[in-house]
Amino acid sequence: MRVTRSLLPTLRDDPADAEAISHKLMLRAGLVRQLAAGIFVWLPLGQRVMDKVGAILREEMNAIGGQEITMPVIHPAELWRQTGRYDTIPEQFKLKDRHGRDLVLGMTHEEVIAWLAAREIRSYRDLPQTWYQIQTKERDEARPRSGVLRTREFVMKDSYTLDPDEAALDRSYAAHEGAYRRIFDRCGLRYHVVESDTGMMGGLGAHEFMAPSAAGEDDIAMCAQCGYAANVELARSVPAKPDFPAWTREDVATPDAKTIVEVAAFLKIDPRLTIKSLLYVGPTKGPVLALVRGDHTLHERKLMRAVGEECRTAHPDEVRQHLGVSVGSVGPLAARVPLLIDETLREGTYVVGANREGFHVRGVAAGRDFSGTFADLHVALAGEACVKCGGPLAVERVIEIGNIFKLGTKYAEALGAKYLDEAGKERPVVMGSYGIGPARIASAAIEQLADADGIVWPWAIAPFHVHVVSVGRDDASKQAAESIYAACWKAGLEALLDDRDERPGVKFKDADLLGIPVRVTVGNLLAKEGVVELRVRRTREDRKIPPDKVVETVTSLRPSL
RNA sequence: CGGGGUGUGGCGCAGCCUGGUAGCGCACCUGCUUUGGGAGCAGGGGGCCGGAGGUUCAAAUCCUCUCACCCCGACCA
């Protein structure tokens, strides 16, 4: 590709709308342009990156027996009604055709897979199967953000396994985990595999592949000692205990002290000696009072798992209605609603709201002074102890680049995907689903590897391998650049030739911005010393070599790039 | 959905408070000079100031409504 004949619109300044490093650099390097919130055009360079990732995905999916198919983006609403997901997912785009029939835009393809399996899978002899596609998904995200990290339209590699039973599903799942590790390793990413939430839909287990980055939207907790790693939606931790005073139960006046911070300051105690009481309301289960230690944050996903349904925080008037007191003095004593108590509170005596305006009660113990259901409710914090080995947990911000999910038989049962086993008995197909976002791979690579001058692509997903920068003005120099460019392509090295009539500084800045692994500068040293300069983008290491040694040198450097 | 912010040539911004002929830098076009880390000079093209309505002799500027986009939170198969 020649720069003079390409759509390669680099930007000198950071676009005002971009916040994340990868977002800024993808715009500045001319990889993408935004059409609307969360909707992007992939320009030629960005497309090449996506194609590189796609090729790796196909190789590794095929290697575990995956068969590529392509499913529709438009689905009949009826399919989603059958699995009960038509009215429950706010992200689903819905539309009607000219006859008024309800359709949806596909945000995932479990339904279509189960529909297909119901028609084509009859016998245990047809199993197992692994089907995958690399296809566009449409989701009406509440808040698209961070460039291509969270968009309303995006390409996903989604695969689905069909197995006769859970043992076979475990094998398919393990095969996917291996394939995913190879994929992300090849893409040059740093990542962790963590336990993840299976969501309200249930499922038999799930893991997420998480690439550390400040631009991420998730947090994971990890134990370096035993390897425990989980999304904080799920991660359990054992916090350090405060020193409990030998206090006896008594009411204390706490005028104007509403928040934990105010109460702790007023009573001159460690906030860890207080309990935070939060009223939530579930659509069918009604009000529930959740208790966590004063310094802790309630994780709403944990709460919802414990309750068994989606909950929302109660309005102030609901708090008054159910507990007879305003928000700042709520507590578990004599509460007329069910209690969910964080496990941290099993031991110790605490200060709680008195359910009486302006009063708290100290010396209160769970189990003795109030009772309810214990559950893990608090957000794990860095430094707290691992539940498995007691080692200190680290918490890290991450981008979710892939997930693997044991679905079980939910979709198969809803859509009638059954087979006959060896004994002639009809059984539902056991499914798994597995996703990878190529755009997130590209973003994560940029986030993890970029430096102050621009992108630093790993070889495997770089849009080109060699950036030939022609800065000489004499014909011999220009001709040498052309020869090197041609020689690279002939040797299987994908090359970009900067043949613009620009000053060298402009070309060097753009080359750094684009981040192609190897830059070959053809300029005045050719006439003076008979050499061109080869620079490794990542290390900025320079070497002078004869023009006819470029291919050989790049090939020898390649393993280190 | 709640909170905050921004919309003015392709990009980044000023002008708005205090209404009066739309400006700057970069980019773009022409010419000359220059040429190894985002050149200089000269000339030039391009914007109904997000949209609608209102106030006014007069609106980028004031008022009302609306749309879009960004950030934080909520939500996220």
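Note that the coordinates shown come from a computational prediction; the quantities given were computed from them, not determined experimentally.
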Test for a donor-acceptor pair under 3.5 Å between the base of G37(B) and the side chain of Arg519(A), counting only N and O atoms. yes
So does Arg28(A) reach the base of G38(B) with its side chain, donor to acceptor, closer than 3.5 Å? yes
Measure from NE2 on His23(A) to P on C69(B) and round the result to the nearest Å. 12 Å
For G36(B), which nucleotide in any strand shown is its Watson-Crick or wobble partner with both distances under 3.5 Å? none
Rounded to whole Å, please give me the gap between CG in Asp501(A) and C1' in G31(B). 14 Å
Is Arg473(A) near enough to U35(B) that one of its side-chain N or O atoms lies under 4.0 angstrom from OP1 or OP2? no
In whole angstroms, how far is the P atom of G37(B) from the CG atom of Leu525(A)? 12 Å
Using Watson-Crick geometry (N1-N3 plus N6-O4 or O6-N4) or G-U wobble (N1-O2, O6-N3), each under 3.5 Å, C16(B) is paired with none
Can you tell me the pairing partner of U6(B) across any strand shown, Watson-Crick or G-U wobble, with both distances under 3.5 angstrom? A68(B)
Would the base of G38(B) count as contacting Glu502(A) through its side chain, where contact means a donor and an acceptor less than 3.5 Å apart? no
Between G36(B), G73(B), G38(B), which one does the side chain of Arg145(A) approach most closely? G73(B)
Please give the nucleotide sitting opposite C1(B) as a Watson-Crick or G-U wobble pair, both distances under 3.5 Å, or none. G73(B)
Atom CZ of Arg503(A) and atom P of C26(B): how far apart are they, to the nearest Å? 14 Å
Mind checking if Ala36(A) touches a base, just sugar-phosphate, or nothing, with heavy atoms under 4.0 Å? sugar-phosphate
Thr161(A) and Tyr434(A): side chain donor to acceptor below 3.5 Å: yes
Check whether any side-chain N or O of Arg152(A) sits under 3.5 Å from a backbone N or O of Glu141(A) as a donor-acceptor pair, and report yes or no. no
What is the distance from CG of Asp14(A) to P of C71(B), rounded to the nearest Å? 14 Å
When rounded to the nearest Å, what value does the distance between P atoms of G73(B) and G20(B) take? 41 Å
Using the salt bridge (charged side-chain N to carboxylate O under 4.0 Å, His left out) criterion, which residues pair with Glu533(A)? Sequence neighbours excluded. none
Students often get this wrong, so: under 4.0 angstrom with heavy atoms, is Gln92(A) touching a base, only sugar-phosphate, or nothing? nothing
N/O donor-acceptor pair, side chain Arg535(A) with base G37(B), under 3.5 angstrom: yes
Hey, is the side chain of Asp510(A) pairing donor to acceptor with the base of G38(B) inside 3.5 Å? yes
In whole angstrom, what separates Leu514(A)'s CG from G37(B)'s P? 19 Å
Should U30(B) form a Watson-Crick or G-U wobble pair with both distances under 3.5 Å, which nucleotide is its partner? A42(B)
Rounded to the nearest angstrom, tell me the gap between atom CG in Leu298(A) and atom C1' in A74(B). 14 Å
Is a donor from one side chain sitting under 3.5 angstrom from an acceptor on the other, for Lys157(A) and Tyr180(A)? yes
Anything under 30° is parallel, anything over 60° is perpendicular, the rest tilted; go ahead and classify His378(A) against His296(A). parallel
Taking CG from Asp140(A) and P from C75(B), how many angstroms apart are they, rounded to a whole number? 17 Å
Counting any heavy atom closer than 4.0 Å, what does Ser477(A) reach on the DNA or RNA strands: base, sugar-phosphate only, or nothing? nothing
Is any side-chain nitrogen or oxygen of Arg143(A) closer than 4.0 Å to OP1 or OP2 of A74(B)? no
Donor-acceptor contact below 3.5 Å, side chain Lys507(A) vs main chain Ser470(A): yes
